[in-house]
Amino acid sequence: MLPYPSGKLHMGHVRNYSIGDALARYMWMRGYNVLHPMGWDSFGLPAENAALKENRNPREWTLGNIGHMKVQMQRLGFAFDWSREVTTCEPEYYRWNQWFFLKMFERGLAYRKEALLNWCPECATVLANEQVVNGCCWRHETTPVEQRAMPQWFLKTTAYARELLEDMKQLEGGWPERVLAMQRNWIGRSEGAEIDFRLEPAGTRIRVFTTRIDTIYGATCIILAPEHPLVDQLMSTAEQRIAVKEMIDATARQETGQEEKLGLFTDCYAIHPFSGARIPIWIGNFVLMGYGTGAIMAVPAHDERDFEFCRAHGIPVVPVIRPLDGELADPPTMKEPFVEYGIVENSGEWSGLASAEARKKMAAYASQHGFGAAAITYRLKDWGISRQRYWGTPIPIIYCPDCGAVPVPEKDLPVRLPAGVKITGEGRSPLETVASFMNVPCPKCGRPARRESDTMDTFVDSSWYFYRYCDARNHRAPFDSATIARWFPIDQYIGGVEHAILHLIYSRFWTKVMRDIALIRNEEPVKRLFTQGMVIKDGAKMSKSLGNVVSPDDMVERYGADSARMYSLFAAPPDRDLDWQEDGVSGVSKFLSRVYRFVTRNAEATSGSGEADRDALRSLHQTIQKITTDFDSRWHFNTSIAALMELTNELLEKEERLSSDVRRSICRDLTLLLAPFAPYTTQDLWETLGETGPAFRQPWPKFDPQLAEQDEIEIPVQVNGKLRGHIRVAPGTPKEQLEQLARENAKVKPFLEGKQIVKVITVFDRLVNIVVK
RNA sequence: GCUGGAGUGGCGGAACUGGCAGACGCACGGGACUCAAAAUCCCGCGUUCUUCACUGAACAUGUGGGUUCGACCCCCACCUCCAGCACCA
């Protein structure tokens, strides 16, 4: 066995794949043709960092790892079509990643700019936003990340912000509400207005974004983010600049949730565009450069943060919104701002209007007079895809001293990763040190130029791997459009909720871009999404970074692949978190052994009375119905498996009294019912039964309602809603008769004596409830 | 604070459309087989009371109300836990 780091594939993955695999097998048995792309994370951070530590060539190492992971998955018996496997770390996949990048570059959807990046001094590398936890590196929880300014490539996801948000309507019902909520929140649309304040006396405009233009007469100062471009101009002395720098540093040191609102006065003033008043310009650390315009108008009377800031720095509070059921607040006695809508007051000609109306009219006025307009702002930011890493798709750009950033011509794709690169861990892109890679002639003018040394984020790979899977060996295009039209959008996607705002936004974005370049016609990649719960171990999510993983290999060793897989489905419904308690696996293992023994000893002709045949067949068909329903509607595989256990228990009890023919036919159906969950056991049994071919390609057992029908049912009898007895009747017994039998029942009678029967509620075939007084 | 979700035995969980609460499994206790152990099989297993016993009763689905013949399920208020976002103007 190859060596590999702790649990590359762990029970969290196994659970995820077991759900998809069970469903795929079931769909096959129901006669569907199923394409089943499986993604797994085998590239990127953990692999590269581990390699870095051991100072080995990441390519060999990672490929070995992928190979091992594949072995693990094959050992676990996932019915994935390996011939279509998409390996995203091969030059052919790079080619198409680069091809997409060039298409986006042509359309202005890929651009380069200087940006602040998260930097972990411990790892000596950059981190993506999502890898920063509480201001620290996710791998070094006590090491705060630093910010480093670096030029980097962005994909313009913001160009699709509106569409990504609006198209979520198409996903409603098919996607879990919490994922939609997270995406809505992440995209963060807010409707308001942008307003220009003139700087006095220079006349430079400061643009602010507000959702509450109706409160603008209450604006008592302007606050700029410390990183705002105007700050340099307004804070011209050395002391002032040092003060700004200190503010930025102090803010960086603060812990999340305990921020203090720091402020600096600029000694400058701006002119209020509505009232003409002269208001001071401040710098505040709570104003974010990354949202809106990086500058706000502070309305302390009607915004909590502004209130806190202005009170702390002695800036006046001017109430201009009157509550619908109250009076305009009195500044000296105000304890908190009034943040709701109300009636506008002290606002010139706008006084007396309702907030909602004032918002519209004031924005229109600003627009007419050229100092503002209604505006919509999104929280979503463009996707920074540059990584200073060896392992990834090289960004196909060449920097020429004369021509600037020149895209690599399509005919020269793919740009391959050079071999034999030493990973130094110094935090610069490893490719930078490879002269043969870096130095190339400019594609435009032919003079010496240098390649881009960064590689792409691995989320680029996962954004479209499932498209490629449908046509994995295509060398002329990323995939064939007609093939995609046949398979897309994906009917059912299954994954962890941790992808809600990463992979699942990126792949939606990628789909929209591909649609716009006429490669595909579907607008969304995934019609229905299922998010399985996490696997919890020792109170925390099972994950590589936390090191609390349970290796599937150990489980396979001890209980077998089928038991490990089945337990991951049995222990909890798939959408709920699963607390990993290893003790439970033995129960599933015992169950499989019982089935195995039952089927193998009944595979050949046996003898038996046959008096229990009817009952056994009834239970079998009730089970078929139950599992079929579970698959078709709600995927509660835990109850499906429980039903199979119940059936097996009953069959073992009745075994002696079953005829040979019935035993054999039940063995056949039982084996098939187990096929989606326990592939190895099933296949073994299938062959033991003298059958050939894969069990999971057999037709799913057919439910026969006549065989499932009960001859006699037990109906509960209640008195005043309390259970007092049961009556046994044939199904379909008329209500009158049920009522009669209920009254005469020996258990029930004592509760009726001396009482007056008010009424009797009889639910056909279900229940009788006698109401007495 | 906002958003989404969850609270049922010692534990994981079941109860599908408002109709027998605790399926199935784990753990535990008792027994059979065995020199012994493992494996396997059988029985018991919410709490309290009641009966010598068979049995029977009351109370139980986070808390408090409500609707209903009947509520784990629907409505109102609250508590706790988990997850995500969080100075978003």
Side-chain angles (χ1 to χ4, degrees), chain A residues 176-186 188-190 192 208-213 215 219 223 225 251 254 256-257 259-261 284-288 290-299 302-306 308-309 339 377-380 497-498 500-501 533-534 536 539 541 567 570-573 575-588 590-591 593-594 597 626 629-630 633-634 636 638-649 652-653 714-726 747 750 758-763 766-772:
Chain A
E177 189 46 49
R178 66 173 164 164
V179 174
L180 293 175
M182 280 162 83
Q183 292 214 355
R184 224 173 268 129
N185 190 275
W186 189 256
R189 180 185 194 272
S190 60
V208 304
F209 175 74
T210 177
T211 52
R212 292 296 303 273
I213 192 176
T215 66
I223 310 174
T251 307
Q254 284 178 355
T256 319
E259 298 87 350
E260 193 191 340
K261 286 189 174 48
N285 66 338
F286 74 102
V287 179
L288 307 174
Y291 183 76
T293 61
I296 63 160
M297 60 176 204
V299 184
H302 304 294
D303 181 282
E304 281 172 26
R305 294 147 306 171
D306 297 349
E308 195 188 319
F309 184 88
V339 297
T377 294
Y378 294 94
R379 209 182 74 106
L380 183 74
V497 71
E498 68 271 18
I501 47 170
M534 295 181 295
I536 308 286
K541 181 194 172 179
Y567 177 66
F570 175 66
D575 53 346
R576 221 194 275 189
D577 286 350
L578 160 61
D579 191 38
W580 187 260
Q581 292 179 359
E582 206 154 309
D583 291 342
V585 189
S586 65
V588 176
K590 271 190 253 174
F591 160 69
S593 303
R594 281 204 298 272
R597 288 195 300 268
K626 162 141 189 49
T629 312
D630 272 350
S633 59
R634 47 175 214 164
H636 278 199
N638 54 332
T639 61
S640 301
I641 294 168
L644 283 168
M645 288 174 168
E646 248 177 298
L647 176 66
T648 305
N649 291 344
L652 287 169
E653 185 211 318
E714 205 177 44
I715 290 183
V717 181
Q718 300 179 333
V719 178
N720 285 348
K722 289 200 170 164
L723 181 69
R724 297 302 179 189
H726 289 99
K747 292 261 174 68
V758 182
K759 64 172 161 175
V760 179
I761 286 131
T762 309
V763 184
R766 289 304 276 270
L767 153 138
V768 179
N769 185 15
I770 303 169
V771 185
V772 298

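Bear in mind that the values here come from a model prediction, so they are computed numbers and not experimental data. Side chains are part of it too, since the values below use all heavy atoms of this structure and drop only hydrogens, waters and symmetry mates. Below, chain A is the first sequence line, B the second, and so on; all start at residue 1.
Residue order along RNA chain B, read from the 5' end via each residue's closest nucleotide, puts A:Leu578 first among A:Gly292 and A:Leu578. Heavy-atom distances to RNA chain B give each of A:Phe286 and A:Val497 a nearest nucleotide, and the one nearer the 5′ end belongs to A:Val497.
Distances were taken from every side-chain heavy atom of A:Arg597 (C-beta onward) to each of B:U3, B:C20, B:U40; the shortest belongs to B:U40.
Heavy atoms of A:Asp306 sit nowhere under 4.0 angstrom from any nucleic acid atom. Within 4.0 Å of A:Arg594, counting heavy atoms only, lie sugar-phosphate atoms of the nucleic acid but no base atom. Residue-level contact check: A:Glu308 touches neither bases nor backbone, having no heavy atom under 4.0 Å from any strand. Contacts of A:Val287 with the nucleic acid, taken as non-hydrogen atoms under 4.0 Å apart, include base atoms.
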Passes side chain to side chain contact (heavy atoms under 4.5 Å, CB included), A:Asp306 versus A:Phe286? Steps please. CA-CA 10 Å; A:Asp306 297 349; A:Phe286 74 102; 3.8 Å; yes
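In this structure, the side chains of A:Met297 and A:Thr215 come closer than 4.5 Å at one or more pairs of heavy atoms. For the pair A:Arg594/A:Asn649, a side-chain contact is recorded, criterion being any heavy-atom separation below 4.5 Å from C-beta on. At least one side-chain heavy atom of A:Val771 sits less than 4.5 Å from a side-chain heavy atom of A:Asn720.
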Report each atom pair, protein N/O against N/O of nucleotides 15-18 of chain B, whose distance is under 3.5 angstrom.
{"from": "B:A15", "atom 1": "OP1", "to": "A:Arg634", "atom 2": "NH1", "distance (Å)": "3.1"}
{"from": "B:A15", "atom 1": "OP1", "to": "A:Arg634", "atom 2": "NH2", "distance (Å)": "2.7"}

Could you run down the sub-3.5 Å N/O contacts of the protein with nucleotides 26-33 of chain B?
{"from": "B:C26", "atom 1": "OP1", "to": "A:Lys590", "atom 2": "NZ", "distance (Å)": "3.1"}

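Every residue meeting the ring pair (Phe, Tyr, Trp, His ring centres under 6.0 Å) condition with A:Tyr567, not counting sequence neighbours, appears here in chain and number order: A:Trp580. With sequence neighbours excluded, the residues forming a side-chain hydrogen bond (donor to acceptor under 3.5 Å, both in side chains) with A:Tyr291 are A:Ser190, listed by chain and number.
Distance, A:Arg184 CZ to B:G84 P: 19 Å, rounded to whole Å. With rounding to whole Å, A:Arg178 atom CZ is found 10 Å from B:G84 atom P. The CZ-P distance, from A:Arg576 to B:U8, rounds to 9 Å in whole Å.
Looking at every heavy atom in both residues, A:Gly725 comes nearest to A:Lys747 through CA-CB, 4.2 Å.
In this structure, A:Asn638 reaches the B:A14 phosphate: one of its side-chain N or O atoms is under 4.0 Å from OP1 or OP2. Contact annotation: A:Tyr567 side-chain N/O to B:G25 OP1/OP2 distance is not under 4.0 Å.
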Can you give one letter per nucleotide of nucleotides 67-72 of chain B, going 5' to 3': B for a protein heavy atom under 4.0 Å from the base, S for sugar-phosphate only, - for none? --B---
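The glycosidic torsion of B:G9 lies within 90° of 0, which places this base in the syn conformation.
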Only Watson-Crick and G-U wobble pairs with both distances less than 3.5 Å should count. Give RNA chain B in dot-bracket notation, marking inter-strand partners with |. (((((((..(((......[....))).(((((.......))))).((((......))))..(((((..]....))))))))))))....
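Side-chain atoms of A:Arg212 come within 3.5 Å of backbone N or O of A:Val339 as a donor-acceptor pair.
More than 12 heavy-atom neighbours from other residues, nucleotides or ligands sit within 6.0 angstrom of CD on A:Glu582.
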